[in-house]
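A short write-up of the structure that comes next.
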Amino acid sequence: MRGFLASSTGVTCAAALALPLAPPAAAATSSTPPATSPTARSEAHAPGGTQSLRLAPLARDRAPGTAEQGLRRQDVRQFSLVGVVWDSPATELHGRVEVRTRATATGTWSGWQELETHNADHAAGPGTPESASGRVRGATAPLWVGESDGVEVRVRASDAPGTARSGPAAAPLPTGLRLELVDPGEAAPPPTNRARSEAEPSVLPARTARPALAARQRAEPHAGARPAITTRRGWGADEKLREKGFVYTKKVKTAFVHHSATGNNYRCSQAPSVIRSIYRYHVNSTGWRDLGYNFLVDKCGNIYEGRAGGVSKPVLGAHTLGFNANSMGIAVLGTYSSKKPSSAALKAIARLTAWKVGLYGMNPRGKTYLKSGGGNLYRKGRKVRLNVISGHRDGFATNCPGKQLYAKLGTARSKAAAYQGR
């Protein structure tokens, strides 16, 4: 894979899934009107939706791939999350992506906000069916902006990391740049079938009793209690969006901690909406089969189920390129490059990992080995020694989970071990 892509904000979290991909609801983009149109394509599916607007050159040079593209200020339908995607996940975006949005409630425009650009860590695994599906796209991190109905965007290329500039000397931008505006919609209505509803609660309560383990795991005396977890039903996942069926790895030996890089301007009551937006962005905009992370945590310490398949099972996620197998991904909602994570979020990481890795006999303060599937730090097939609780940057050259959150992982390891009774 390519080396660490450094824009002015660095790269962010993500990953790849080595699975065939069902056609996303918004895969067809050829019929989308150009950026100058006052209307945009939306999904037929409701609730929620995605508007996809093609970016156009902002300078005199109108050639494809020109070094400065964007959209002039325009009115759009309501949205709350924004991201930029492009045709090929194998193409890196070297440059700076900025947006301005107009708040629906006040009609005021925000200042320019930067989206974290990331590429290789969001690509499908080398040689996997997903990488050859033709549906996966390159993408920036999504940014939560709250309810908005106006947008302006500019993408400026750069030849070198941190040297954003436009003009004929700058490197060309990826082809097929599009602005994705995501409306999370309301939470999906509860199932009409009572038995199904009872089988899928909105929240799995904390459980103090140690769950039954397989015979090979019973020799390990340490396992944390399961914390309360808001299920997919609880945060309003529309299960018709994702690919049907579940895929599992063998075990969970490592927990990779990420930040979502969606910004910190959200209330905890909005966390379900943020997650629904990320879910739509991952599936409809970037072409993944489901939400990439196995779990998400908000700044108030609430824990949410991510990728479908069962919270206690080793669900194969799409969070850390090269190391999705035998691991799980936990994304803390927010951006923690300069902002410190809350103590509540760290406690939630500790409780979650103490329980989940404890199911597989792992010590949160310990180390383990994973085999790399290929990436920009470790070649495919190499056995890599990692912390049982690692940051995304431990498996891939990326800024994720941000300097401030990464610096607190030692605290999370100690707390998780204590929760296991170690």
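Since the model is a prediction, treat every value here as computed from it, not as a measurement.
Once rounded to the nearest 0.5 Å, the distance linking CD1 of Ile303 with NZ of Lys347 reads 10.5 Å. Annotation: the span from Arg351 atom CZ to Tyr419 atom OH amounts to 4.0 Å, rounded to 0.5 Å. Between the CG atom in Leu53 and the CD atom in Gln74 there is a gap of 5.5 Å [rounded to 0.5 Å]. A distance of 12.0 Å separates CG in Leu179 from CD in Gln69, rounded to the nearest 0.5 Å. Between the OG atom in Ser390 and the CZ atom in Phe256 there is a gap of 5.0 Å [rounded to 0.5 Å]. Taking CG from Asp298 and OG from Ser260, the interatomic distance works out to 10.5 Å, rounded to the nearest 0.5 Å.
With sequence neighbours left out, Ser342 forms a side-chain contact (heavy atoms from CB on, under 4.5 Å) with Lys299, Ala344, Ala345. With sequence neighbours left out, Tyr378 forms a side-chain hydrogen bond (donor to acceptor under 3.5 Å, both in side chains) with no residue at all. In this structure, Tyr281 has no side-chain hydrogen bond (donor to acceptor under 3.5 Å, both in side chains) partners at least two apart in sequence or on a different chain. Applying the side-chain hydrogen bond (donor to acceptor under 3.5 Å, both in side chains) criterion to Thr101, with sequence neighbours excluded, gives no partner residue. Arg232 pairs by the salt bridge (Lys or Arg N to Asp or Glu O under 4.0 Å) definition with Glu239, Asp290, not counting sequence neighbours. Here Ala331 pairs with His258, Tyr293, Leu296 under the side-chain contact (heavy atoms from CB on, under 4.5 Å) rule; sequence neighbours left out. Annotation: side-chain contact (heavy atoms from CB on, under 4.5 Å) contacts of Thr249 (sequence neighbours excluded): Pro314, Leu316, Ala325, Asn326. Under the ring-ring contact (aromatic ring centres under 6.0 Å, His included) criterion, Trp235 pairs with Tyr279, sequence neighbours left out. In this view, Lys340 satisfies the side-chain hydrogen bond (donor to acceptor under 3.5 Å, both in side chains) rule with no residue, not counting sequence neighbours.
Between Ala350 and Ala412, the shortest heavy-atom distance links the atoms CB-O, 3.7 Å. Closest non-hydrogen pair, Ser372 versus Gly374, comes out as OG-N, 2.9 Å. Across all their heavy atoms, Ser110 and Gln113 have their closest contact at OG-NE2, 3.6 Å. Minimum interatomic distance between Gly334 and Asn264 (heavy atoms only, all atoms of both residues): CA-OD1, 3.2 Å.
Leu346 has its side chain within reach of Leu405: a pair of non-hydrogen atoms, C-beta onward, lies under 4.5 Å apart. By the 4.5 Å heavy-atom criterion applied to side chains, Leu333 and Val297 are not counted as neighbours. The side-chain heavy atoms of Val315 and Val247, taken from C-beta on, include no pair separated by under 4.5 Å. Residues Tyr304 and Phe295 have side chains not in contact (no heavy-atom distance under 4.5 Å, counting atoms from C-beta outward). Within the 4.5 Å cutoff, the side chain of Ser80 has heavy atoms near those of the Glu147 side chain. Between Asn399 and His259, some side-chain heavy-atom pair lies under the 4.5 Å cut-off. Side chains of Val136 and Thr286 form no contact here, defined as non-hydrogen atoms less than 4.5 Å apart. No side-chain heavy atom of Gln78 sits less than 4.5 Å from a side-chain heavy atom of Leu181.
Looking at Thr231, its side chain does come within 3.5 Å of a backbone N or O of Ser202 through a donor-acceptor pair. Judged purely by atom type and a 3.5 angstrom limit, Arg382 has no side-chain atom pairing as donor or acceptor with the backbone of Lys371. Using a distance-only test at 3.5 Å, with no hydrogens or angles considered, no donor-acceptor pair links the side chain of Asp183 to the main chain of Gly48. In this structure, Asn376 contributes its side chain and Phe396 its backbone to no donor-acceptor pair below 3.5 Å. Distance alone, capped at 3.5 Å, places no donor-acceptor pair between the Lys356 side chain and the Met328 backbone. The closest donor-acceptor contact from the side chain of Thr91 to the backbone of Asp87 lies at 3.5 Å or more, if one exists at all. Panel note: side chain Gln51, backbone Arg77; a donor-acceptor pair is recorded below 3.5 Å. In this structure a side-chain-to-backbone donor-acceptor pair under 3.5 Å is missing from Tyr336 to Cys400. Side-chain N or O atoms of Ser148 include one that pairs as donor or acceptor with a backbone N or O of Gly146 at under 3.5 Å. A donor-acceptor contact shorter than 3.5 Å is absent between the side chain of His282 and the backbone of Leu291.
Legend: disulfide bond (SG atoms under 2.5 Å apart) pairs involving residues 355-391, not counting sequence neighbours: none detected. Pairs passing the disulfide bond (SG atoms under 2.5 Å apart) check and including a residue from residues 239-338, sequence neighbours excluded, read Cys268-Cys300. Here salt bridge (charged side-chain N to carboxylate O under 4.0 Å, His left out) pairs that include residues 97-106, with residues two or more places apart or in two chains, are Asp75-Arg102, Arg96-Glu98, Glu98-Arg154, Arg100-Glu152, Arg102-Asp149.
Each of Thr368, Leu386, Val388, Val357 was checked for a side chain to side chain contact (heavy atoms under 4.5 Å, CB included) with Lys253, and the lone residue meeting it is Thr368. For the side chain to side chain contact (heavy atoms under 4.5 Å, CB included) with Leu71, the qualifying choice from Leu58, Leu55, Val155, Val99 is Leu55, the only one to do so.
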* To do: Determine, stepwise, if the pair Glu180 / Ser52 fulfils side chain to side chain donor-acceptor pair (under 3.5 Å).
  => CA-CA 5 Å; Glu180 302 287 292; Ser52 185; 2.5 Å; yes

* Any chance you could lay out the side chain to side chain donor-acceptor pair (under 3.5 Å) test for Ser277 and Arg280, step after step, and finish with the verdict? => CA-CA 5 Å; Ser277 297; Arg280 284 184 177 275; over 6 Å; no

* Verify side-chain contact (heavy atoms from CB on, under 4.5 Å) between Arg422 and Arg365, making sure each step is shown before the conclusion. => CA-CA 9 Å; Arg422 295 181 186 272; Arg365 276 198 300 235; 4.3 Å; yes

* **Check against side-chain contact (heavy atoms from CB on, under 4.5 Å), Leu204 and Val311** => CA-CA 9 Å; Leu204 296 175; Val311 295; 3.5 Å; yes

* Apply side chain to side chain donor-acceptor pair (under 3.5 Å) to Thr335 and Ser337, showing your working. => CA-CA 6 Å; Thr335 303; Ser337 301; over 6 Å; no

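With 3.5 Å as the limit, one finds a donor-acceptor pair spanning the side chains of Tyr406 and Asp394.
Atom CG of Asn265 sits in a sparse spot, with 12 or fewer heavy atoms from other residues, nucleotides or ligands closer than 6.0 Å.
With a 6.0 Å cutoff to the six-membered ring centre and a 45° limit on the axis angle, Arg73 counts as a cation-pi contact of Trp109.
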